[in-house]
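Worksheet: the structure to be examined is printed underneath.
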Amino acid sequence: MAKRLLPTLNRVLVEKIVPPAKTNAGILLPEKVSKLNSGKVVAVGPGGRDREGNAIPVAVKEGDTVLLPEYGGTEVKLGEKEYLLFRDEDILGTLHD
């Protein structure tokens with residue numbers, strides 16, 4: 001059983017962030033608020049190449065919080081944890097505070 005996955009080319013391994021369904025005070029949050037598709041980047045590939053052979057780096061780095069599409073990605077299970085594998089161009093953006 002593999003313990004670590006290193007993505008190839010322009011692939012990004014993301015651990016999905018599951019937002020809380022209620023606040024610390026016990027107030028239930030609406031489904032809309034808790035449905036934001038975001039995740040934390042766990043690993044990135046080295047990037048792709050264009051037709052001339054020049055390297056195209058991946059736009060995100062390990063530790064970034066990213067916005068994910070509602071559908072897509074490949075589910076990967078490593079040990080007890082579940083991850084999603086996306087292409088770099090499928091990631092919608094990065095989230096900042």
Side-chain angles (χ1 to χ4, degrees):
M1 171 72 69
K3 294 183 182 181
R4 186 162 184 227
L5 175 68
L6 297 174
T8 59
L9 298 175
N10 62 344
R11 304 294 197 291
V12 179
L13 188 66
V14 177
E15 182 176 6
K16 195 160 185 176
I17 297 172
V18 180
K22 62 182 179 178
T23 65
N24 292 338
I27 299 172
L28 294 175
L29 298 172
E31 190 175 320
K32 267 187 184 176
V33 174
S34 63
K35 196 172 180 179
L36 181 63
N37 288 334
S38 61
K40 183 177 178 184
V41 176
V42 177
V44 296
R49 299 233 177 239
D50 62 10
R51 292 181 183 209
E52 289 78 37
N54 300 321
I56 302 172
V58 178
V60 295
K61 61 185 181 305
E62 290 181 24
D64 283 352
T65 302
V66 294
L67 184 63
L68 303 171
E70 189 171 347
Y71 302 103
T74 302
E75 292 183 14
V76 177
K77 188 171 182 178
L78 297 174
E80 296 298 317
K81 288 193 171 187
E82 291 186 11
Y83 300 94
L84 293 169
L85 193 61
F86 286 94
R87 290 179 186 267
D88 181 38
E89 59 266 10
D90 291 341
I91 293 176
L92 303 175
T94 57
L95 300 170
H96 300 279
D97 289 333

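Just so it is clear, the values below take in all heavy atoms, side chains as well, and ignore hydrogens, waters and symmetry mates. Numbering of residues begins at 1 and proceeds along the displayed sequence.
To the nearest 0.5 Å, atoms CD (Glu82) and CD (Glu80) are separated by 9.5 Å. Remark: Lys16 NZ to Glu75 CD distance equals 9.0 Å, nearest 0.5 Å. Taken from CD1 in Ile91 to CG in Leu68, the straight-line distance is 6.5 Å, to the nearest 0.5 Å. A distance of 8.0 Å separates CG of Asn54 from CZ of Arg49, quoted to the nearest 0.5 Å. Residue Leu85 holds its CG atom at 6.5 Å from CG of Leu5, rounded to the nearest 0.5 Å. The distance from the NZ atom of Lys61 to the CG atom of Asp64 is 4.0 Å, given to the nearest 0.5 Å.
No continuous path of hydrophobic side-chain contacts links Val44 to Val76 [ILVMFWY only; heavy atoms under 4.5 Å].
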**OP:** Determine, stepwise, if the pair Leu84 / Thr74 fulfils side chain to side chain contact (heavy atoms under 4.5 Å, CB included).
**Re:** CA-CA 5 Å; Leu84 293 169; Thr74 302; over 6 Å; no
Subject >> side chain to side chain contact (heavy atoms under 4.5 Å, CB included) between Val12 and Val60, intermediate numbers included >> reply: CA-CA 8 Å; Val12 179; Val60 295; 3.9 Å; yes
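Using a 4.5 Å heavy-atom threshold, the side chains of Val41 and Val66 count as touching. Tyr83 is listed as a side-chain neighbour of Val42, based on a closest heavy-atom distance under 4.5 Å.
Here the side chain of Asp88 pairs a donor or acceptor atom with the backbone of Ala59 at under 3.5 angstrom. In this structure a side-chain-to-backbone donor-acceptor pair under 3.5 Å is present from Asp50 to Glu52.
In plain terms, the two heavy atoms of Glu89 and Asn10 that are nearest each other are OE1-ND2, 2.9 Å. Pro7 and Pro46 get closest at one heavy-atom pair: O-CD, 3.9 Å.
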